[in-house]
Every structure is written in C-alpha cells, then in structure tokens.
Amino acid sequence: MDLLRAYSDQNDDELNGPEEQNQNPKSAPSSPDASPPRLLPTKSAAPNVDDTMLALTVAGANRSSTRPIDPTQHIVGFNPTYEQLWARIYGPSHPYAKDGIAQGMRNHKLGFVEDASIEPFVFDEQYNTFHKYGYAADPSASAGYNYVGDFEALHKNDAVSVYNIPQHEQKKRKIEKRKELEENEGGDEDMDPEEVQNPASDVWLMKNKKSPWAGKKEGLPTELTEEQKKYAEEYAKKKGEEKGAGDKGEAVAEKTTFHGKEERDYQGRSWIAPPRDAKASNDHCYIPKRLVHTWSGHTKGVSAIRFFPKYGHLILSAGMDTKVKIWDVFNTGKCMRTYMGHSKAVRDICFSNDGSRFLTASYDKNIKYWDTETGQVISTFSTGKVPYVVKLNPDEDKQNVLLAGMSDKKIVQWDMNEGKINQEYDQHLGAVNTITFVDNNRRFVTSSDDKSLRVWEFGIPVVIKYISEPHMHSMPSISLHPNSNWLAAQSMDNQILIYSTREKFQLNKKKRFAGHVVAGYACQVNFSPDGRFVMSGDGEGRCWFWDWKTCKVFRTLKCHEGVCIGAAWHPLEQSKVATCGWDGLIKYW
C-alpha cells in the first residue's frame, strides 16, 4: 500500500509541473515509513538479432540516389543500382540532373558532352586568318562580329579571311608572283657571277629561295640503255604471253585417226549408226559376275567413260594421256577412232542426245565440241579457267546450250550457235564438280568443293535451294535415278547419300549406301536401267553393287589395279557393266 501511495504521489507531482516542484523543494513523502520507489528494467521476449547490416542497407537505400560507390572499396555488400555505378565521385551533379543523379541531360555514358560552339571549318578559317593577318573573329561574342588582334590590318583588308579572298585579289597576287619570277630570271644577266655562286651573298639567297635539294633530282638517266630496253621488251612480251594464256586455253592442232576398216558399210551406213536389231533383251537387270572384254589403248589412266545414248553399241573414253577414244562394244571390240585436240588430261566428256556429237573438257582450259563420226572439232570454248564438268541441256530444242562447271566457282552457260556466254551462275564458294538436270530439265543441281548442293532454275542465276549441313562432305559425283525422283550423291566420307528431286530436295535418311572407300577420289556413282541397283567404283579398284530397296551390299568385283574411277551400266544389255580405272584399262563385265 505504501508503494502504491508513493506512486500516486509521484504522478501528482509530475502533473503539477516543474514550477510547483521548484516552490517546494523539500517536500517529503506523506508516510514516514514509505520506502523509495524502485524502477524494474524492461525485458523483451524477442531473441537478440544483429541488425547492423539491416541498418546499413536501409541507410544505403536512403542515400543510394546521391552517394556513389567508393572506388577504393573492394567488397560491395549489396546490389548497387545503375545510377550508383555511374554517379559522380567528386563534384556537383549536372544542373539539369533528374532526382539528384547526373542523368537528366546525359548524352554519353560518362556524362554530358556539349556540342562545340564553332564548326571545324570555321575554326580553321579563323585560326589561319589570325596567323596570316593578325586578326580573327572573337568566338566569345554573343551577337554581331567582334574581332581580336591587329585592327589596322583588319581595316586594311576589309576583315577578309584566308578562305574568302576576292577574285581580283587572287589575280593580283598571281600577277605579282609572275613578275617576281620574271625579274629573277631577267636579273641573272646583271648579277655578278661570283655573288651568284656564293651562298653567303644576298644575290644567291634571292636566286635560291627554294631549298637546294628541292625540285627534280639531277644525275638520273632520262633514257634507257640498249640493254635495259631489250630487257623491258622481253619482260613485256613474257607478261603478255602469260596474260593471253590466262585468258584463253592452250591452242593445240586437232587431229583424229580412224582405226576401223571403213567409215561406211556397203549400204552406205555410217560406222556410228546403231544396229537395227538393238533392243532391250528384258526389263530385269542382273549383277554381272565375270569379265567379258578388256579395252586397252590409253597410255595413262582413264578418267571417264560414256556409253552411246540409247543403244550403247559404242563407248567413249576420256584419258589422262590427252586423248579421247571411242570403242566398239557389239562387234569387233576394237578402238574405232581417236580424237586428239587437247594438250593436257581430259577431265569430262558428254554425248549429245543422238550421239552424233560430244563435248570434252580438259585441264588445258578448253572445252571442245566434236563431231563423233568425222572427228572434226566444231567449236572451242574457254574462259581461261579449268572446266571440271560439261553438260548439254537434255531438251531436244536446247541441244545448243552448254553448261560448264569451272574451277573459279562459276557455272558458265554458252550458246554454241553464237559462241557467246549468255549466262553465269556465280554462287558457289569452291570449284564446281557436277551438274545434274532434274524436274524435266527445268532445274539443275550442282555440287562443289564448298561441301554444298545448290539448285538452280535453268537460265536464272539465282539459287532456289541451298543445301549445306555441318556433317556434309564434298560430293564429286551425282547421278539421277531412272524414275527421276532421287539423286544419288557420292560423298567423300565413304557413303552414297540419296536426295529427293521434289520441291524440298530433302535428304532421305533411310537410304544410305556404304562399305566402299572413296575418300579422295571422284568415283562415279550410277544406277541400273531398272533402278534396282546402285553401283560405284572405289579407291581400291573394286566395283560395288547395292540393292536399292534394302541398301545392302549385293556384290563386289575386283576390277582394276589402283582406283576404279568410273562405272556405267549398259543401256540395253541389262546385265553388262563397263568400268574404267587409273591403270588405263576399260573392262566390260
């Protein structure tokens, strides 16, 4: 009770205010037995938490808009804002700053960059004017033109600058300069020769205003000696020959030799005329088993073979010995004619639709169009680059159109009637290896060393389909399936890939023919006439046969010593195949 009474008395004293306490400083408690009040310390039931970082974060958040990051600080205990990172460390913020951050008028990540108040041309004009005349416009003048410098020269020159001298002044100066030169030249007669030769005299200084080393150097011969002239002529001649050789292929005299008994038989028929009874024996193709005949006549390897179109009674071969030979298949089995017109190895050959003419492409940079019967060269074409593949348009009304894939990444189209290039297809990034017509000859597919396939509309030099994948390799040989729906492409990673010839030209992932080794060799891939078998040579001299449906290896034949580069199925005799190799032989199976 005493405690409660003392507590109430204390509250009354506090309510009375400090004045009453001052008036009764010696007021005693009402009860003499009352003990002095004891105040107990307050206790919190919450656990103790270190809130130092929280306080720092709150304080940093309050000051984040104005306080930048200290550049000497190694550790930042919170995520600073963009404004903090780019805020000024020293000095006031920009007067137009927004929210106290140097950002309002910012036009650069480091702050505000003011435009120069004077253009570079105007600055150069005033700078050069001041150095020449001694006066210049005052850039600090707010209005009008105020000048600094020599005011006498300013009034004398009518405040002209070095860049706007009047024309009459320019003419006047030219006349004065001309007079000075004439006086100097005319005064040479009156001058003392000793003073002219003495560099210490004023006369010498007037005469030699320019540096003694300026002007044309003396002592250099103006005319070439006879030996130098001779060397220059030889060099120019050599350069001209090299340039001419680069522009056109090497010129070689064309020759041909007929090896048969007679060019026409007793009925007057030509030796290239097909036998009248030649027709397909049956519609079913079979894999050959044994060697029937061997043609030998090329002194070096054979690079390509082509059967006579539709009938196959003759076979044309391109040799690395620069010669092209045509051989009889049905009767004697001998060489009928040799065509000699190239100076280097023949790379590719192509018959016309009726077989009466054919094309040859050689490493001597020439493409020649031959008459099969007579062996005469009808025309020669060259761009100065090596043709790797030649093709005639298969359409009957376009047999005069020649396509050639060149080593300079272009496909060149000639009109053979006019002898002119009428189109160039230039999109590949490497030498062009193959040209294959698809879609009723309205389009053609080309492959190249750039490891891509490109599809073109005939006559339009724009790629309509570009096929290039990271896993693709170069495809040096492509063949069209007899049903015209598929393309077989010999890939350099030892497999044959199949592509559709429809709109999308998609890779058929279900069909893949492998087992042979062709890496590094452009071995020809081909189909049987009924489309049931795929065949290809390989780098070890074998000829491989696969079943089209199952993609399994059907048979392999050891054909050649070395590379078996070409293989062709006879168009009529369905169980016979011709192969050629780098051993110089052509074999008939």
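Just so you know, residue 1 is the first one in the sequence shown, and it goes up from there.
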Audit row: Leu403, Val412, side-chain contact (heavy atoms from CB on, under 4.5 Å) steps and yes/no
CA-CA 6 Å; Leu403 284 176; Val412 185; over 6 Å; no
Are Phe554 and Phe533 close enough that their ring centers fall under 6.0 Å?
yes
Inspect the surroundings of NZ in Lys409 and state if more than 12 heavy atoms from other residues, nucleotides or ligands are less than 6.0 Å away.
no
Where is the tightest heavy-atom contact between Arg542 and Cys564, given as atom of each residue plus distance?
O-CB, 3.8 Å
Treating Ser474 as the side-chain partner and Met492 as the backbone partner, does any N or O pair qualify as donor plus acceptor under 3.5 Å?
no
Measure the CG-OG1 distance between Asp408 and Thr383 for me, rounded to the nearest 0.5 Å.
5.5 Å
Counting heavy atoms not belonging to Tyr163, are there more than 12 under 6.0 Å from its OH?
yes
Residues Arg454, Asp450; criterion side-chain contact (heavy atoms from CB on, under 4.5 Å); working and verdict:
CA-CA 11 Å; Arg454 294 172 201 248; Asp450 62 9; 3.4 Å; yes
Going by heavy atoms in the side chains, are Leu480 and Thr501 under 4.5 Å from each other?
yes
Taking NZ, NE, NH1 and NH2 as the nitrogens, is one of them in Asp547 or Lys549 under 4.0 Å from a carboxylate oxygen of the other?
no
Do the ring planes of His516 and Trp546 sit parallel (below 30°), tilted (30 to 60°) or perpendicular (above 60°)?
perpendicular
In short, Ser536 meets Ile496 closest at the heavy-atom pair CB-CD1, 4.0 Å
When rounded to the nearest 0.5 Å, the distance separating OG of Ser491 from CZ of Arg512 is 9.5 Å
Is a donor from one side chain sitting under 3.5 angstrom from an acceptor on the other, for Ser477 and Gln524?
no
Sub-6.0 Å ring centroid separation between Trp486 and Phe527:
no
Intermediate values then yes/no, side-chain contact (heavy atoms from CB on, under 4.5 Å), Thr434 and Met475
CA-CA 8 Å; Thr434 66; Met475 297 177 183; over 6 Å; no
Side-chain heavy atoms of Leu497 within contact of Phe513, under 4.5 Å:
no
Does the Ser382 side chain pair with the main chain of Asn366, one donor and one acceptor, at a distance under 3.5 Å?
no
For Asp150 and Glu152, indicate whether the former's side chain and the latter's backbone hold a donor-acceptor pair under 3.5 Å.
yes
Residue pair Ile498 / Leu507: nearest heavy atoms and the distance that separates them
O-CD1, 3.4 Å
Ser500 and Gln506: side-chain hydrogen bond (donor to acceptor under 3.5 Å, both in side chains), yes or no, with the steps?
CA-CA 5 Å; Ser500 167; Gln506 287 180 328; over 6 Å; no
For Trp544 and Gly515 the tightest heavy-atom approach is CH2-O, 3.2 Å
Under 3.5 Å: donor-acceptor pair, side chain of Lys511, backbone of Trp548:
yes
Here the gap from Tyr388 atom OH to Ile435 atom CD1, rounded to the nearest 0.5 Å, amounts to 13.5 Å
Does some side-chain heavy atom of Leu402 sit less than 4.5 Å from a side-chain heavy atom of Ile367?
yes
Which atom pair, heavy atoms only, marks the closest approach of Cys543 to Thr579?
SG-CG2, 4.1 Å
Go through Gln413 and Ile421 one step at a time and tell me if the side-chain contact (heavy atoms from CB on, under 4.5 Å) criterion holds.
CA-CA 6 Å; Gln413 179 178 316; Ile421 297 173; 5.9 Å; no
ring-ring contact (aromatic ring centres under 6.0 Å, His included) involving Phe437 - partner list, sequence neighbours excluded
Phe444
Is the distance between the ring centroids of Tyr127 and His131 under 6.0 Å?
yes
Would a line drawn from the ring center of Tyr521 to the ring center of Trp582 be shorter than 6.0 Å?
yes
Quick one: CG on Asp138 to CD on Gln126, what's the gap to the nearest 0.5 Å?
10.0 Å
Return all side-chain donor-acceptor pairs below 3.5 angstrom for residues 455-471, not counting sequence neighbours, or 'none' if the list is empty.
from   : atom 1 : to     : atom 2 : distance (Å)
Trp456 : NE1    : Thr446 : OG1    : 2.9
Glu457 : OE2    : Arg443 : NE     : 3.3
Lys465 : NZ     : Lys504 : O      : 3.3

Between Phe381 and Trp414, how do the two ring planes meet: parallel, tilted or perpendicular, split at 30° and 60°?
tilted
Please confirm whether the backbone N or O of Lys510 pairs with a side-chain atom of Asn508, one donor and one acceptor, at under 3.5 Å?
yes
Rounded to the nearest 0.5 Å, what separation is found between the NZ atom of Lys156 and the OH atom of Tyr135?
10.5 Å
Where the side chain of Ser448 meets the backbone of Gly430, is there a donor-acceptor pair that is under 3.5 Å apart?
yes
Distance-only, no hydrogens or angles: does the Ser479 side chain make a donor-acceptor pair with backbone N or O of Ala488 under 3.5 Å?
no
Any side-chain heavy-atom pair of Arg347 and Ser303 under 4.5 Å:
no
Between Asn494 and Ala519, is there a donor-acceptor pair closer than 3.5 Å when you use the side chain of the first and the backbone of the second?
yes
So do Cys523 and Val563 actually touch side chain to side chain, heavy atoms under 4.5 Å?
yes
Side-chain H-bond candidate by donor/acceptor type, Asp449 with Asn433, under 3.5 Å
yes
Considering only heavy atoms from C-beta outward, does the side chain of Lys410 approach that of Tyr425 to under 4.5 Å?
no
Distance col, row Gln495:CD vs Asp493:CG, nearest 0.5 angstrom, shows 4.0 Å
Heavy-atom distance under 4.5 Å between the side chains of Tyr499 and Ile478, does that happen here?
no
Just wondering, do Trp569 and Asn526 contact through their side chains at under 4.5 Å, heavy atoms?
no
